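Some notes on the structure that comes next.
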There are 2 protein chains.
Amino acid sequence: MEPETDLVERWRSLLNSYNEVACHLERVLHDTHGLTLSEYETLDRLTTQECEQRRMQDLAEQMYLSQSALSRTVSRLVNGGLAERTSCQADRRQVFVEITEAGRQRWAEARRTHLGVLAEHLSPAAS
Amino acid sequence: MEPETDLVERWRSLLNSYNEVACHLERVLHDTHGLTLSEYETLDRLTTQECEQRRMQDLAEQMYLSQSALSRTVSRLVNGGLAERTSCQADRRQVFVEITEAGRQRWAEARRTHLGVLAEHLSPAAS
DNA sequence: CGACGTTATATGCGTGCGCATCTAATGTCC
DNA sequence: GGACATTAGATGCGCACGCATATAACGTCG
C-alpha cells in the first residue's frame, strides 16, 4: 500500500511534466505548422498504421480524446485537406478516415518539430 | 543520446497516463464537489502553505496555468466564496489571495475524492 | 414487414484555456 | 516633478474540449 503523499507526489510530477511538454508542443506545432496537438496525434495514428483506412472507432480507441472531440478534429483535418472521410459500404454508419498526400507531407514536416520539442522539454527518463 | 523512438514512446506514455487520470479527476471533482481540476489545485496551493496570503505571482510560479487562466480560476473561487482577494498596500498592483473557511472545508472534502481517483487511475509507479 | 432497441458519428451548448491587449500602479531618468 | 518604460493583474477574443443529444443506419423479435 503506497502512502498517500507518494501518490500525490507522483501525480504532481506527472502533471508538471505533462504541462511543460504539452504547452510547448501545442504552441510550436500551431505556430510553425498550423496544427493542434490532437491534430498532429491523429495524423500520427493515420500514418504509422499500414492499413489504408481507419474507422473513427479505431482511432478513438487509440486516443485520449472524447468521441465528439475526435470527430471535430477529423473535420478540421478534412477541411485543411489533410485527411478524407469515406463512408463504409458494408455498414453505412461507420466512417473511414484516410490521410491524404498533403497530410503525409505536413506530418513529416511537423514530426521534426515534434521531436525537437520532446528532446528539449521532456525531462530525461528520471522517472 | 536517446533514440528518437524512445523519446516518442515516453511522451506517448506520459500523454496516456496524464489523460487517464486527468479526465477522471476533472469529471469526478466537478460532479461531486463542483470544482475544476485547476480550482482544486489552486485551493491545494493555498492550504498547504503556512503563510496566510499569497500573491498571484507566487501562485502562478507554482502552477502550470497561464497568467490569465489563473486570474480567472481565482475569480471563480472568489465568486464561489472559497477564496478572497486582498489588494497589497505596499504595492497596489499586486493582489493577495487568501483561502476562506469554506474553501478549506471544500478542499478537505475534495481531497478524499482526489486521493481515491489517484489510487484508482494513476498506474502504479512502473515508471 | 414494422416497432423498438442499439450502434456510429455529428452537432448544440456551455466552459476553461492561451494569446494579445488593456488598465493601473510603480520605477527610472532627465 | 513629468515623460516613458516596466510590472501585476484583468479582460476581449477565438478555440478545442466534454457532455448531452440528435441523426441515421443497423439488428432483433413479434
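Proteins get letters first, then strands, A, B, ... in listed order; numbering begins at 1 in each. Bear in mind that the values here come from a model prediction, so they are computed numbers and not experimental data.
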Listed partners of A:R93 passing salt bridge (Lys or Arg N to Asp or Glu O under 4.0 Å), at least two apart: A:D91
Residue mapping more 5' on DNA chain D - nearest nucleotide basis, A:Q89 or A:E39: A:E39
Within residues 22-33 of chain A or reaching into it, pairs that qualify as side-chain hydrogen bond (donor to acceptor under 3.5 Å, both in side chains) - sequence neighbours excluded: A:H33-A:T113
Sugar-phosphate, base or nothing in reach of A:A90, heavy atoms under 4.0 Å: sugar-phosphate
Any donor-acceptor N/O pair, A:R45 side chain to A:E41 backbone, under 3.5 Å: yes
Rounded distance (Å) that lies between atom C1' of C:dA20 and atom CG of A:D31: 13 Å
Listed partners of A:Q89 passing side chain to side chain contact (heavy atoms under 4.5 Å, CB included), at least two apart: A:S87, A:R92
Name of the residue among B:L122, B:L35, B:T36, B:V117 meeting side-chain contact (heavy atoms from CB on, under 4.5 Å) with B:L25: B:V117
Per-nucleotide protein contact string for nucleotides 4-15 of chain C, where B marks a base within reach and S marks sugar-phosphate only (heavy atoms under 4.0 Å, - for neither): ---BSBBBBB--
Nucleotides bounding contact with chain B, strand DNA chain D, heavy-atom threshold 4.0 Å: D:dT7 to D:dC19
N/O donor-acceptor pairs under 3.5 Å from side chains in residues 72-83 of chain B, not counting sequence neighbours:
residue	atom	partner	partner atom	Å
B:T73	OG1	B:A69	O	2.7
B:T73	OG1	B:R76	NH2	3.3
B:S75	OG	B:S71	O	3.1
B:S75	OG	B:R85	NH2	2.3
B:R76	NH1	B:E39	OE2	2.7
B:N79	ND2	B:S75	O	3.4

Point-to-point distance, once rounded to the nearest 0.5 Å, from NE2 of A:H114 to CD of A:E109: 15.0 Å
From B:Y64 atom OH to A:R12 atom CZ, the distance as rounded to the nearest 0.5 Å: 9.0 Å
